[in-house]
Amino acid sequence: MYGFVFVFAWVWGKAREVHHKIGFQNFMDFDCNKAGESSAKHCYSICNEGTLIQANTLTHCGKAKKWNSLNKLNNPESSHGSLPRVNDPKEDAETGNDATASECSIMCFTDLPSALVCEVLARLDPKGLGVVSCVSTVLQTLATDHQGWKKFYCERWGLPNAPIGPLVPGGTPDGRSWKALFVDREFQSRSFMGRFSVDVLRGHNEDVRTVYLLASANLIFTGGHDSVVRMWNMEEGLLIDESRPFGCTIRAIAADSRLLVTGGSKAFIQCWRAIEGASHLFHISGNGTNQNSEFRLWGHEGPVTCLSLDSTRIYSGSWDMTVRVWDRAEMKCVQKFMHADWVLALAPHGNTVASTAGRDAYVWDIGSGELTTIISNAHVGNAYSVARTHLAGVLFTGGEDGAIRLFDVSEISDDENIKPAATWLPHSGPVHSLAFEYPWLVSASSDGRIALIDLRKILTPLNSSKRRFRVKPFDPSTVEPPQRMLHGFGCYLFSVGIGADRIICGGEDGSVRVWNFSEALEIEKKAQALRSLRQENRMRRRKAQVEMNANGRRVDHCSVAMKRNPLKGDKSVTWQIKRPISDKVKS
């Protein structure tokens with residue numbers, strides 16, 4: 001027990017020490033050997049392989065006594081299993097001069113059983129797990145291969161969409177480690193505060209009511225009042241394909257790498273299956289393709305207003321005041337939830353689905369079919385939009401009052417008067433659409449503006465295997481405003497979507513705008529390098545000027561004038577000008 005406490009405290013102390021020295025942004029580029037060299041003066045510094053670890057150990061009486069452990073982190077043969085001991089405790093008890101050496105046995109961290117090592121590493125957050133990997137090469141191997149990185153990634157962005165084809169068991173879709181995937185995505189999320197370029201996609205003749213970004217397939221889907229669904233290339237901004245007119249307003253679109261679904265005012269759900277071998281997954285025009293790839297789902301009795309997908313289900317909401325859950329294998333409705341008003345938005349998460357109807361918000365359990373949470377009067381007026389994260393218990397709503405509210409629905413509650421944990425008022429008109437991509441919440445409003453809200457400070461990680469995140473307690477009056485506003489459109493915005501480095505939206509002018517932040521970090525690096533170069537050149541010129549003045553090659557007239565006319569706080573002193581004043585100037 002004492003050995004476990006020592007190991008955990010030692011690892012955590014190293015993580016905090018490295019964090020203060022290098023920070024999270026640089027831990028991936030941190031050199032373990034340099035860390036040991038730079039911190040060799042301190043007793044509790046990071047050590048290289050082969051260096052002694054000095055610590056204060058606990059005796060059975062609970063008193064701290066100093067003792068130098070001869071255990072070394074120098075066994076590269078074993079990484080996940082128990083490493084062989086370097087020294088024998090019995091020999092230490094016989095030959096050691098310190099009496100406490102016989103009472104305490106200090107183990108190296110990697111000497112512990114692999115299950116215990118994994119349990120200790122699982123208690124760390126990404127920042128701590130990253131800096132622990134800088135302690136030694138053995139810990140670097142353990143921390144890099146730890147499955148906690150997969151958990152961290154899925155908690156924030158969900159499972160990455162797998163490509164069509166075989167996938168290596170336990171691996172990522174692109175073959176990289178989960179640590180590399182997590183770090184790349186974390187740094188990429190900072191691009192939304194950088195510079196961007198805007199592309200305008202024109203093709204719709206009337207309002208664009210819904211947009212959907214399928215970044216894994218490099219596709220954008222749009223629909224609106226002209227009753228046509230269009231598919232665009234995200235990188236090039238070109239129209240790839242378009243469907244035939246369906247004779248109704250397209251109000252909702254959802255897609256993944258296997259299925260595309262759309263819904264409109266004629267109460268049916270239009271579906272397309274992905275075609276294997278197709279260059280762009282779907283042939284929505286229907287020309288020269290298998291007829292079985294396109295089909296419809298009937299069941300709603302009113303316009304379909306919202307759609308969503310997961311790996312096994314299709315979710316649909318309608319003005320018939322129902323949310324229906326469809327099984328993707330059999331394409332049948334397996335669950336129906338009744339509301340008291342028109343269903344305007346929905347967002348599934350795990351085995352629950354959240355929805356808004358009128359001014360209320362609901363959370364339903366799909367397995368039991370019961371209502372777990374109801375939020376009455378979530379907004380003044382209708383609640384037009386809802387969004388959820390991959391973190392359980394977090395619900396966002398946008399309403400007719402222009403407000404965006406955050407609710408903590410992690411616990412089942414019968415209380416209908418659930419208070420919002422945070423409220424933002426970035427818009428002067430109704431919030432028609434919300435989208436979330438960790439850590440950014442994006443909103444689109446009828447005032448023609450888009451708001452970006454960073455939620456890193458609000459969502460707090462927990463050291464719990466069951467519930468990893470919670471809403472941080474804070475004063476609602478101290479909520480920070482949105483970190484960025486995109487505006488200047490002058491038209492209603494009805495739908496918004498966000499990806500790793502893109503934001504898309506559609507409005508009443510019939511165009512689709514795409515904000516590209518993919519080069520923001522690269523532009524920032526170039527700008528920072530240019531600023532550093534300018535500063536270096538400025539210092540070099542200043543140094544050369546000082547040397548020239550010291551050698552007497554060139555007289556610094558400003559310094560001479562300063563010596564002759566010291567101000568000493570008197571600003572009324574007039575500088576002496578060496579040039580003679582002409583008669584014209586005097587006159």
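Quantities reported herein were computed from a predicted structural model and do not represent experimental measurements.
- Across every non-hydrogen atom of G497 and V211, the tightest pair is N-CG2, 4.3 Å.
- The 12-atom threshold is exceeded at CZ of R296, counting heavy atoms of other residues, nucleotides or ligands nearer than 6.0 Å.
- In E235, the CD atom is crowded: over 12 heavy atoms of neighbouring residues, nucleotides or ligands sit closer than 6.0 Å.
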Stepwise side-chain contact (heavy atoms from CB on, under 4.5 Å) check, I375 with V409: CA-CA 9 Å; I375 304 173; V409 294; 4.1 Å; yes
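- Residues N351 and D365 are in side-chain contact: their nearest non-hydrogen atoms beyond the backbone lie under 4.5 Å apart.
- A 6.0 Å sphere centred on CD of E519 holds no more than 12 heavy atoms belonging to other residues, nucleotides or ligands.
- W319 and T305 make their closest contact through NE1-CG2, 3.0 Å (heavy atoms, listed as atom of the first residue, atom of the second, distance).
- For the pair H280 and I240, the tightest heavy-atom approach, listed with the atom from each and the gap, is CD2-CG2, 3.4 Å.
- Looking only at atom types and distance, the side chain of R388 has no donor-acceptor partner in the side chain of S308 under 3.5 Å away.
- The number of heavy atoms from other shown groups lying within 6.0 Å of CZ (F268) is above 12.
- With respect to R328, the side-chain contact (heavy atoms from CB on, under 4.5 Å) criterion is satisfied by exactly one of V261, T312, L259: L259.
- There is a side-chain donor-acceptor pair under 3.5 Å between S285 and D241.
- Checked by atom type and distance alone, the side chain of S511 never pairs as donor or acceptor with a backbone atom of L201 at under 3.5 Å.
- Between W232 and H204, the angle of the ring planes lies from 30° to 60°, which puts this pair in the tilted group.
- Contact record, V431 with S385: O-OG, 3.4 Å, taken as the closest heavy-atom pair.
- Between R209 and the options I253, I250, T249, D226, a side-chain contact (heavy atoms from CB on, under 4.5 Å) holds for only T249.
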From CA spacing to verdict: side-chain contact (heavy atoms from CB on, under 4.5 Å), S316, L307: CA-CA 5 Å; S316 61; L307 290 168; 3.5 Å; yes
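- Atom CH2 of W149 is separated from atom CG of L181 by 11.5 Å, given to the nearest 0.5 angstrom.
- Of all heavy-atom pairs spanning L493 and A444, the tightest one is CB-CB, 4.0 Å.
- Ring centers of F337 and W364: under 6.0 Å apart, within the cut-off.
- Between F187 and L521, the closest heavy-atom pair is O-CD1, 3.3 Å.
- Relative ring orientation between F436 and F396 is described as parallel, the plane-to-plane angle staying below 30° on a 0-90° scale split at 30° and 60°.
- There is no side-chain donor-acceptor pair under 3.5 Å between S293 and H283.
- More than 12 heavy atoms of other shown residues, nucleotides or ligands fall within 6.0 angstrom of atom CZ in R244.
- The side-chain hydrogen bond (donor to acceptor under 3.5 Å, both in side chains) test with D401 is passed by exactly one of H427, H379, R359: H379.
- Residues that satisfy the side chain to side chain donor-acceptor pair (under 3.5 Å) test with N218, not counting sequence neighbours, are absent from this structure.
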